[in-house]
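Just so we're clear, the structure is a prediction, and the values are computed from it rather than from any experiment. Proteins get letters first, then strands, A, B, ... in listed order; numbering begins at 1 in each.
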Protein chains: 2
Amino acid sequence: MDTPDTPHVNKERIDTMEHLSAAIGVSRPTLSRYFQDPDNVSRTSRERIRKGLERVEYVPNFFATRMNRKSTGMIGVIIPYLNDLFFSRLLEAIERAAMDVGYTVITQCSHSDPAIEARAAETLMSMNVEGALVAPLGNHSDLDVHERLRSRLPFVMVDSRPDTMPEVDFVGTNHYHSTGLATEYLARVGGPPVFLAMPRVNFNAMERERAYIAKMEQLGLEPRIVGVEGVSGAGYFEAHGQAVLEREFSSGRLVASSILCVNDRVAIGALRAAATHGLEAGAMQRGGLRIAGHDDYPLCPYTVPSLTTVAQNVDAIGRTAVARLVESIRAEKSSGKQILKLFDGEMKIRESA
Amino acid sequence: MDTPDTPHVNKERIDTMEHLSAAIGVSRPTLSRYFQDPDNVSRTSRERIRKGLERVEYVPNFFATRMNRKSTGMIGVIIPYLNDLFFSRLLEAIERAAMDVGYTVITQCSHSDPAIEARAAETLMSMNVEGALVAPLGNHSDLDVHERLRSRLPFVMVDSRPDTMPEVDFVGTNHYHSTGLATEYLARVGGPPVFLAMPRVNFNAMERERAYIAKMEQLGLEPRIVGVEGVSGAGYFEAHGQAVLEREFSSGRLVASSILCVNDRVAIGALRAAATHGLEAGAMQRGGLRIAGHDDYPLCPYTVPSLTTVAQNVDAIGRTAVARLVESIRAEKSSGKQILKLFDGEMKIRESA
DNA sequence: CCCAAGAATTTACGCATGTAAATATTATGC
DNA sequence: GCATAATATTTACATGCGTAAATTCTTGGG
């Protein structure tokens with residue numbers, strides 16, 4: 001076995017193509033073409049280079065290559081936060097889709113901060129990404145930043161979008177459908193559902209609230225919303241759901257209601273509040289409390305009781321967003337035609353409702 | 001209000017410093033210095049440039065700047081997967097710490113795939129990052145890749161490390177302490193704990209298993225381990241915990257035991273299995289079932305019952321890892337002295353045990 | 001064996017910036 | 001108003017690689 005001081009790999013280290021060229025006797029431009037696509041050089045050179053690369057260590061400089069290529073082959077992605085399994089799933093879907101069509105993705109995370117979001121946009125532009133995919137922060141986003149990106153390169157919004165940019169390309173979930181589905185389901189199996197909302201800073205949250213109201217009116221029921229007040233933030237979804245229902249349950253309200261939560265993380269807090277008050281949501285339970293969420297957060301099957309929810313088609317959203325972006329990158333001249341792709345949700349009926 | 005076709009920002013777009021220099025009457029090298037640090041140019045030029053930048057749109061080319069600077073000011077981070085709130089917390093801690101000391105972090109995610117991990121390492125080297133922080137995949141990692149990185153630039157491992165690299169700089173949790181703490185606690189309040197393990201591919205999982213055994217022997221108790229067989233993978237922690245306990249409970253085993261789970265995600269699956277069998281873990285419950293986890297996953301306070309666990313000091317780990325890396329970047333000549341920072345865990349006693 | 005067509009390689013230049021050294025400008029003190 | 005120092009700007013070259021155009025090499029046919 002090797003000792004710590006003799007690593008497995010101690011080939012000669014070479015740091016420019018020029019030197020590599022000298023070391024293995026193939027001209028630099030030929031090497032350049034080899035690294036872009038090995039099939040671009042003759043079989044003999046290809047073998048010669050491969051052999052050479054086994055003797056010396058060399059990787060082309062990322063920046064130099066990117067700077068000089070006509071196209072960088074990169075797309076930029078901005079997401080609001082990482083500490084949410086919904087966004088990590090979305091990001092993964094996007095990365096896979098991009099990889100499949102030969103693009104590298106550069107991810108920037110806003111960390112719930114508009115200033116960081118703005119800086120992320122600057123960074124993407126300075127890297128000459130060929131297109132940008134952004135999931136906005138919500139009301140806190142600086143709209144100028146988005147407009148700036150949009151006016152500069154192919155641009156697609158994912159997951160949620162501001163009311164003020166109705167004309168932007170968008171890929172997401174049809175919340176009128178998905179939330180409607182859940183509302184309808186709850187109204188059918190339990191009493192008229194109450195909506196556990198969030199402070200109105202998140203576009204999707206607002207849209208789901210509106211969708212809930214619309215569906216309730218359509219059903220001839222009285223909409224009822226709790227939880228729009230309070231602080232908000234990525235880290236506090238569960239705490240918000242718990243706090244709101246703690247308050248309600250403590251006063252004896254909502255203990256036998258159907259409750260539709262704006263998303264699963266809020267619902268997880270809601271389940272917790274119920275448990276604390278000796279309540280258990282579920283179709284099988286006496287008492288009539290029902291709790292449902294939205295998104296199909298990966299943990300939903302494991303909560304106690306398991307959480308009834310409506311799934312977003314995350315994979316399709318990621319794939320479609322990338323496809324649309326690549327299409328408009330290739331079109332060069334912006335086609336002008338706005339694309340709007342809204343995927344339906346799918347009910348996941350589990351124990352909690 | 002603006003129409004869609006007249007975005008707020010439609011300043012003249014300038015794409016090189018040369019042109020910017022012509023446009024606002026300041027020499028290019030002066031601009032270069034301005035963009036590196038505005039304080040590097042005279043007050044008058046600074047004002048002149050600021051005014052100019054309000055009229056035209058320009059951002060320095062990321063690649064050109066990075067290519068030419070002596071130091072890139074970037075550190076690379078490789079993490080095994082994103083769909084785990086532990087790693088997103090760690091990543092956030094690292095990003096904040098890096099930002100504080102003026103470094104930009106480039107994150108690469110292995111997606112549980114050694115080939116992608118290897119490519120990530122290549123990418124980092126090709127970007128001339130000044131140091132690398134890696135959380136390895138586990139047994140599947142290609143050790144040569146790590147050795148290669150380590151021999152090339154300042155290198156620190158975080159979270160877990162292979163047995164085969166005992167001499168590498170490492171920052172993580174002292175699992176002999178943390179797991180010992182939990183083992184001891186369970187032994188004290190309940191019966192001798194059983195360890196719900198994982199397939200032996202994850203370094204931390206293995207270390208916790210060993211720590212459990214050591215502590216049990218120290219306490220004069222018989223260690224007992226379940227769940228080492230089965231498939232593994234980032235996406236299946238909860239499913240694994242659930243499946244193992246489903247099997248046990250179905251045969252009437254472990255229904256009144258103290259169970260220490262290798263991590264919180266496995267514990268969440270365990271809680272679920274218990275609920276399915278009409279069992280509820282907890283100090284307050286009759287029956288004697290107790291379940292504890294490890295990590296203090298953000299959802300622990302919200303599970304039903306809330307999950308007793310031992311917290312890793314994620315912030316400290318992130319900060320310390322970055323600090324160590326930056327230190328050895330600045331030292332230039334590798335000091336040779338290995339650094340090992342292990343943080344103690346902290347018991348979080350909740351309902352489940 | 002020679003010539004032409006085709007393929008591969010080399011030459012030469014370009015990319016957008018950093019940076020050291022040389023020069024010009026401004027400020028300071030008297 | 002002048003010499004000098006301090007500061008700012010310009011000149012000139014460097015970075016590592018992409019790429020079009022020019023050149024060399026290979027191959028096959030006659």
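Using a cut-off of 4.0 Å between Lys/Arg side-chain N and Asp/Glu carboxylate O, A:Glu54 and A:Lys51 are scored as not salt-bridged. Classification of A:Glu130 and A:Lys70 as a salt-bridged pair fails, no side-chain N sitting under 4.0 Å from a carboxylate O. A salt bridge links B:Glu327 to B:Arg324: at least one charged side-chain nitrogen sits closer than 4.0 Å to a carboxylate oxygen. Ion pairing of A:Arg43 with A:Glu47 is absent here, as no side-chain N (NZ or NE/NH1/NH2) approaches a carboxylate O to less than 4.0 Å.
Between the C1' atom of D:dC17 and the CD1 atom of A:Ile14 lies a distance of 16 Å, rounded to the nearest Å. As a whole-Å value, the separation of B:His19 NE2 from C:dA16 P is 8 Å. Distance, A:Leu31 CG to D:dT19 P: 15 Å, rounded to whole Å. For the pair B:Asn61 CG and D:dG16 P, the interatomic distance rounds to 16 Å; values are reported in whole Å. Regarding A:Glu18, its CD atom lies at a distance of 10 Å from the C1' atom of D:dC17, rounded to whole Å. As rounded to whole Å, 14 Å separates atom P of D:dG16 from atom CG of A:Leu20. A:Asp37 has its CG atom 13 Å from the P atom of D:dT19, to the nearest Å. Summarising the geometry, the separation between CZ on B:Arg33 and P on D:dT7 is reported as 12 Å, rounded to the nearest angstrom.
Applying the 4.0 Å criterion to OP1 and OP2 of D:dC17, one finds that A:Ser32 has every side-chain N and O outside that range. Between B:Gln36 and the phosphate of C:dT19, there is a side-chain N or O to OP1/OP2 separation shorter than 4.0 Å. Taking side-chain N and O atoms only, B:Tyr34 has no distance below 4.0 Å to OP1 or OP2 of D:dA8.
At a threshold of 4.0 angstrom between heavy atoms, the contacts of B:Arg66 with the nucleic acid are absent. In this structure, B:Thr65 reaches the sugar-phosphate backbone alone: every heavy-atom distance under 4.0 Å involves primed, P, OP1 or OP2 atoms, never a base. Residue contacts for B:Phe62: at a heavy-atom cut-off of 4.0 Å it reaches no nucleic acid atom on any strand shown.
Geometric assessment of A:Arg66 against the ring of A:Phe62 yields a positive cation-pi assignment under the 6.0 Å and 45° thresholds. A cation-pi arrangement is absent between A:Arg150 and A:Phe155 under the rule of less than 6.0 angstrom and at most 45 degrees off the ring axis.
In this view, B:Gln36 and B:Ser32 satisfy the side-chain hydrogen bond (donor to acceptor under 3.5 Å, both in side chains) rule, not counting sequence neighbours.
Counting only N and O atoms by type, the side chains of A:Ser126 and A:Thr123 include no donor and acceptor under 3.5 Å apart. For the 3.5 Å distance criterion, the side chains of B:Glu117 and B:His146 qualify, holding a donor opposite an acceptor.
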Pull out every protein N or O sitting under 3.5 Å from an N or O of nucleotides 12-15 of chain D, one pair per line with the distance.
| unit_1 | atom_1 | unit_2 | atom_2 | d |
| --- | --- | --- | --- | --- |
| D:dT15 | O2 | B:Asn68 | OD1 | 2.2 |
| D:dT15 | O2 | B:Asn68 | ND2 | 3.4 |

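Residues A:Arg46 and A:Asp39 share a closest heavy-atom pair of NH1-CA, 3.6 Å.
If B:Thr30 and A:Lys70 are placed on DNA chain D by their nearest nucleotide, the residue sitting closer to the 5' end is B:Thr30.
Using a 4.0 Å cutoff on non-hydrogen atoms, the parts of residues 42-51 of chain B near DNA chain D are B:Ser42, B:Ser45, ordered by number.
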